[in-house]
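Here is the structure we will look at.
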Amino acid sequence: MVVIGVIRTLPRFTVSKRIAGIDVDVKVKIKNIFSSNEAIIVGCNTTFDVSVEENIIDEKSIQGQFMEQYCDGERELKEEIRQKLLELPPSNTRKREEKYSGNLEEYVIGTTIVINNKKRKAYFVAIARLNNYSAVITDERSFLDALPKMWSEIRSKGGMENLGCPILGSRFARLKLSKQRLLFELIRSFIIVTRSDGKLAEEITFYISHDDFKKGHFNMEKIKEFLEHECTEYYIPPKKNGDQQGTPI
């Protein structure tokens with residue numbers, strides 16, 4: 001009985017639920033995302049700068065770690081990104097006096113490109129802008145409206161492989177939303193787009209870092225309750241002409 005009591009008090013490290021009627025599994029894990037092998041979603045800036053050497057990107061960010069583990073230096077990743085962006089028209093060209101370093105051609109928030117690295121596939125998605133000093137800036141509305149575009153582009157450019165997603169916007173984007181709220185927004189937007197437009201993956205796992213969990217940013221029981229509700233709820237908000245499908249809670 002003592003053993004059973006101890007087991008019940010241990011924290012859940014994985015919660016999962018299948019989306020009713022679609023057979024897509026949604027999971028949340030307390031685990032390092034780089035210990036998995038799914039195609040990874042990587043938050044990026046609207047100019048797709050990836051330079052750690054120029055102090056534009058933090059080496060501890062998901063982007064920085066991806067480059068360190070799966071690329072032969074910055075030059076390789078920069079060139080692959082450059083080639084992918086040749087296929088897309090920029091939305092704006094920044095002036096050098098407005099952005100002191102890095103790329104100047106800017107793309108719409110939500111723009112997603114595929115990096116077909118031999119070691120691991122990645123979807124780089126623009127979720128925030130860089131200011132003059134290479135600090136990331138965005139706002140809640142822009143971020144939330146970018147999510148449906150991101151999922152749709154992953155569907156159109158992907159191969160239905162399993163996806164691994166960090167808590168996008170939870171650190172360097174400087175959003176005011178709590179990390180758990182960001183997780184809920186990511187999950188809900190994925191489910192809404194999957195229900196309305198069809199599958200983009202058989203399985204998606206959202207990764208919570210051990211450090212964030214230890215700091216009390218996440219409650220796995222509440223996450224389990226949220227998944228239970230969202231994956232069994234069939235309501236799809238109606239789309240209005242010209243409107244993005246945001247994901248308010």
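No hydrogens, no waters, no symmetry mates; every other heavy atom, side chains included, goes into these values.
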Those residues at least two apart in sequence (or on a different chain) that pass side-chain hydrogen bond (donor to acceptor under 3.5 Å, both in side chains) with E161 are K121, Y123
For K199 and D23 the tightest heavy-atom approach is NZ-O, 3.9 Å
Side chain to side chain contact (heavy atoms under 4.5 Å, CB included) test vs F48 passes for just one of L88, L77, T111, namely T111
Please list, chain by chain and in numerical order, all residues satisfying side chain to side chain contact (heavy atoms under 4.5 Å, CB included) with E76, sequence neighbours excluded. C71, D72, N117
Please report the C-alpha distance between Q63 and C44 in whole Å, then the side-chain angles of each, then the deciding distance to 0.1 Å, and finally whether the side-chain contact (heavy atoms from CB on, under 4.5 Å) criterion is met. CA-CA 7 Å; Q63 206 180 125; C44 199; 3.7 Å; yes
Give me each pair satisfying salt bridge (charged side-chain N to carboxylate O under 4.0 Å, His left out) with a member in residues 29-45, each pair once, sequence neighbours excluded. E38-R120
Side-chain contact test, heavy atoms from C-beta onward, threshold under 4.5 Å: evaluate it for E68 versus E59 and give yes or no. no
With a 4.5 Å limit on heavy-atom distance, are the side chains of T194 and L200 in contact? yes
Look at the rings of F190 and W151 and say which category their plane angle falls in: under 30° parallel, 30 to 60° tilted, over 60° perpendicular. perpendicular
Separation of D212 CG from K179 NZ (nearest 0.5 Å): 3.5 Å
Spacing of CZ belonging to R129 relative to CG belonging to N92, to within rounding of 0.5 Å: 7.0 Å
Determine whether a donor-acceptor pair (N or O, by modelled atom type, separation under 3.5 Å) exists between the side chain of N103 and the backbone of T47. yes
In Å and rounded to the nearest 0.5 Å, what is the CZ to NZ distance from F206 to K27? 13.0 Å
Please identify each residue that fulfils side-chain hydrogen bond (donor to acceptor under 3.5 Å, both in side chains) with S152, with sequence neighbours left out. none
Calculate, to the nearest 0.5 Å, the distance between atoms CG and CD1 belonging to N32 and I208 respectively. 13.0 Å
Please evaluate residues K95 and L104 with respect to the criterion side-chain contact (heavy atoms from CB on, under 4.5 Å), reporting the C-alpha separation (whole Å), side-chain torsions for both, the decisive distance (0.1 Å), and the verdict. CA-CA 7 Å; K95 295 180 180 179; L104 294 176; over 6 Å; no
Can you check side-chain contact (heavy atoms from CB on, under 4.5 Å) on L163 and I154, steps first, answer last? CA-CA 10 Å; L163 297 172; I154 290 175; 4.1 Å; yes
From I41 atom CD1 to I204 atom CD1, the distance as rounded to the nearest 0.5 Å: 5.0 Å
Would one find more than 12 heavy atoms of other residues, nucleotides or ligands at under 6.0 Å from atom CD of Q69? yes
Rounded to the nearest 0.5 Å, how far does CE of M220 lie from CG of L227? 9.0 Å
With salt bridge (charged side-chain N to carboxylate O under 4.0 Å, His left out) as the rule and sequence neighbours excluded, what pairs involving residues 85-94 come up? R94-E106
Do H217 and S178 have side chains that get closer than 4.5 Å, going by heavy atoms? no
Among all residues two or more places apart in sequence or in another chain, which pass the side-chain hydrogen bond (donor to acceptor under 3.5 Å, both in side chains) test with D211? K215
Measure from the side-chain N and O atoms of Q65 to the backbone N and O of K60, and report whether any donor-acceptor pair falls under 3.5 Å. yes
In short, ring-ring contact (aromatic ring centres under 6.0 Å, His included) pairs touching residues 26-47 with sequence neighbours left out are none
Under the salt bridge (Lys or Arg N to Asp or Glu O under 4.0 Å) rule, collect the residues that match up with K99, sequence neighbours excluded. D49
My understanding is that only residues two or more places apart in sequence, or in another chain, count here; which of them pass side chain to side chain contact (heavy atoms under 4.5 Å, CB included) with Q83? E79, L86
Between F124 and V108, is there a shared hydrophobic cluster once you connect ILVMFWY residues whose side-chain heavy atoms come closer than 4.5 Å? no
Would a hydrophobic clustering, with Ile, Leu, Val, Met, Phe, Trp and Tyr connected at side-chain separations under 4.5 Å, put V26 with M160? no
Taking the side chain as everything from C-beta on, heavy atoms only, tell me whether I109 gets closer than 4.5 Å to V125. no
Quick one: closest heavy-atom pair of E230 and I191, and the distance? CB-CD1, 3.7 Å
Evaluate the side-chain proximity of Y207 to V28: yes if any heavy-atom separation is below 4.5 Å, no if none is. no
With ring centroids as reference points, do F184 and F226 lie under 6.0 angstrom apart? yes
side-chain hydrogen bond (donor to acceptor under 3.5 Å, both in side chains) partners for K157, two or more places apart: E153
If you count every heavy atom of other residues, nucleotides or ligands that lies below 6.0 Å from R75 atom CZ, does the total exceed 12? no
So D25 and E202, side-chain contact (heavy atoms from CB on, under 4.5 Å) or not? Walk me through it. CA-CA 6 Å; D25 292 320; E202 295 287 347; over 6 Å; no
Hey, are the side chains of T232 and K17 touching, using non-hydrogen atoms and a 4.5 Å cut-off? yes
Can you name the residues that form a side chain to side chain contact (heavy atoms under 4.5 Å, CB included) with L177, not counting sequence neighbours? E140, R181, L182
Find out whether E203 and V24 are in side-chain contact, i.e. whether some heavy atom of one side chain is under 4.5 Å from a heavy atom of the other. no
Verify, without hydrogens or angle tests, whether T112 (side chain) and G110 (backbone) share a donor-acceptor contact under 3.5 angstrom. yes
Partner residues of E105 under the side chain to side chain contact (heavy atoms under 4.5 Å, CB included) criterion, sequence neighbours left out: P90, T93, Y107
For a 4.5 angstrom cut-off between non-hydrogen side-chain atoms, does V193 reach M150? no
